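Everything on this sheet refers to the single structure shown next.
This is a predicted model, so every value here is computed, not measured.
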Amino acid sequence: MPRTTSSPPTADSDVPATPAGAEAPAVTADSALAHGLKQRHLSMIALGGVIGAGLFVGSGAGIASAGPSIVLAYAISGLLVMFVMRMLGEMSAANPVSGSFSVHAERAIGPWAGFTAGWAFWVLLCVAVGLEGIGAAHIVTGWLPGTPEWAWVGLFMVLFLTTNLTAVKNFGEFEFWFAALKVAAITLFLVLGVLAILGVLPGTTAPGDANLRGDGGFLPHGANGFIIGLLASVFAYGGLETVTIAAAESENPVRGVAKAVRTAMWRIALFYVGSMAVVVTLVPWDDPKVATVGPFYATLDHLGISGAAEIMNVVILIALLSAMNANIYGASRMACSLVARGQGPKRLGRVTSGVPRTAVLVSSAFGFLCVLLSYWRPDDVFPWLLNMIGAVILVVWIFIAVSQLLLRRRLERESPEKLVVRMWLFPVGTLLALAAMAGIFALMLRQPDTRDQLLATGALTVVLSVIGGVRQRRAGAVKN
């Protein structure tokens, strides 16, 4: 393939900044990007994006706080996620672009909103790349003691830089097989769990509802414990946005994102709510292993599955590596889209052979810097970074909901044929989702740990909003 280079349009050329509430220009970075993702890639990205280490490991803390009511917590937060996914799917099917919700926010609310949502999400993904690299390296050093964690993180970075710097189909293939392995693992877990609950798995007896009623009952720590579990479940669902970013580089973006969104709905409920129900039915919620080594390991160990710890370590390693790969991809495409709309440094949007290679390199470098900060400044800068991204996903969801609320009316009036996917119970469903997000913010303020995250994320959002607002006013003054 011949080497070709193109610089995306900027605010100073083809894509002038747009006043608040006005339609953003249709020109994006997507015309320069390759279109090498197939429907099977999108379907697996949609599935794999919501199956991460947060489910396999992080859910243990939620179970320890909420007890059996964690099933209800995941069901409630899962319903909210389905609503968010539906809203995002509606807008992305109507306008499939690599900037996803950032572009939708710009079109609906104004350039400052697209700037804020896009760069906040970019920071979230880059820091997450570092965290996932650290987690994956920790598992490998457990197998190979004495090897430095930072070296393994560096190796993983090189691997995924290679996949993301080449044709997008390479990213798609990696994610397809990563997601397939995760789906296979959790499906096998659910099958074994159901057989054990029915008492037909060799060596097991049906537990009935003893673990659901015992040791304090369904709500062992009362409403406060349930709230902690609910907050933990909300943030375990992060990652669903990647499929709408990837859809812009698929062979048929509209059909691809519509199908991926629709098929992901029931699987979210099955994988998350189903797995939590299996865990708390089979294992006492206060079993120390649930919180320390993870609920999936505790369940497999309870069932007498030999090598349960190593099995789960492999699954978690795959989940972490998959998330690293997807987050480098998502961060690079979001940065490229922002630059194409004149909302970032021009060099960051350079596209070569259909790939935004500079954005891939910069996003990965920022992620690796976060890894180094975990060693250099573990007591001040690194915790501050973690708090700063703690509630970013909720901020993004609010932008999605507000954008959908505004754009839906515009689409019905101007281009009803583009409504391939429709939000349920509009506008009531959207308003209920916004109310639920406001309620989650209120609950976060009640808890000391999450309060710090909320305040740090709020500070980041305010800073980005101010910068975006100033840029928007300057661009408007130049235009006038």
Side-chain angles (χ1 to χ4, degrees), residues 23-24 26-51 81-105 107-108 167-180 183 239-271 322 325-326 329-330 332-334 336-337 340 354-356 400 403-404 407-408 410-424 426 429-430:
E23 282 282 349
V27 179
T28 69
D30 303 318
S31 58
L33 296 174
H35 292 263
L37 294 178
K38 300 181 183 298
Q39 181 60 48
R40 65 184 180 88
H41 294 145
L42 285 184
S43 297
M44 274 301 178
I45 289 170
L47 280 178
V50 294
I51 304 174
V81 169
M82 288 184 187
F83 271 54
V84 172
M85 191 73 170
R86 192 76 181 184
M87 288 185 278
L88 185 54
E90 176 184 291
M91 294 184 292
S92 296
N95 183 30
V97 286
S98 61
S100 187
F101 53 83
S102 174
V103 175
H104 307 323
R107 293 177 64 238
V168 70
K169 66 180 181 180
N170 294 328
F171 158 77
E173 282 300 319
F174 263 82
E175 275 308 289
F176 176 85
W177 291 110
F178 276 144
V183 170
L240 57 89
E241 306 80 10
T242 303
V243 67
T244 59
I245 294 174
E249 292 182 78
S250 66
E251 297 171 334
N252 189 327
V254 175
R255 183 176 64 87
V257 72
K259 185 175 181 180
V261 167
R262 286 168 177 154
T263 56
M265 296 294 99
W266 63 269
R267 289 164 179 169
I268 290 175
L270 175 65
F271 291 152
S322 171
N325 189 35
Y329 171 85
S332 65
R333 269 50 178 188
M334 181 60 73
C336 184
S337 174
V355 178
I400 289 172
S403 300
Q404 190 269 338
L407 289 178
R408 172 65 173 268
R410 198 179 303 172
L411 280 170
E412 288 178 333
R413 184 174 64 253
E414 299 173 0
S415 307
E417 72 281 358
K418 291 186 176 181
L419 285 169
V420 180
V421 177
R422 290 175 179 265
M423 173 58 183
W424 300 308
F426 180 82
T430 304

Would a distance-only check, ignoring hydrogens and angles, find a side-chain to backbone donor-acceptor pair under 3.5 Å from Ser332 to Tyr329?
-> yes
Heavy atoms only: give me the nearest His104-Leu407 pair and the separation to one decimal.
-> O-CD1, 3.7 Å
Main-chain N/O of Glu90 paired with Arg422 side-chain donor or acceptor, under 3.5 Å | no
Beyond-backbone contact of Thr244 with Met85, side-chain heavy atoms, under 4.5 angstrom | no
Grab the two heavy atoms, one from Ala93 and one from Val420, that are nearest each other, plus how far apart they are.
-> CB-CB, 4.4 Å
Polar side-chain atom of Thr430 near backbone of Phe426 as donor-acceptor pair, under 3.5 Å | no
Looking at CH2 of Trp424 and CE of Met87, how far apart are the two atoms once the value is rounded to the nearest 0.5 Å?
-> 10.0 Å
Identify the heavy atoms of Ile245 and Ser98 that sit nearest to each other, and give their distance.
-> CG2-O, 3.3 Å
Tightest non-hydrogen contact, residues Ile400 and Met91, listed as O-CE, 3.5 Å
Sorted by chain and residue number, the side chain to side chain donor-acceptor pair (under 3.5 Å) partners of Ser403 (sequence neighbours excluded) come out as none
Below 4.5 Å, heavy atoms only, C-beta onward: do Lys418 and Pro416 meet side chain to side chain?
-> no
Residue pair Val97 / Ser337, side-chain heavy-atom distance below 4.5 Å = no
Met334 versus Phe101, closest heavy-atom pair with distance = CE-CZ, 3.6 Å
Evaluation steps, side chain to side chain contact (heavy atoms under 4.5 Å, CB included), between Arg408 and Leu419 | CA-CA 9 Å; Arg408 172 65 173 268; Leu419 285 169; 3.9 Å; yes
Can you name the closest pair of heavy atoms from Phe171 and Ala326 and give their distance?
-> CE1-CA, 3.7 Å
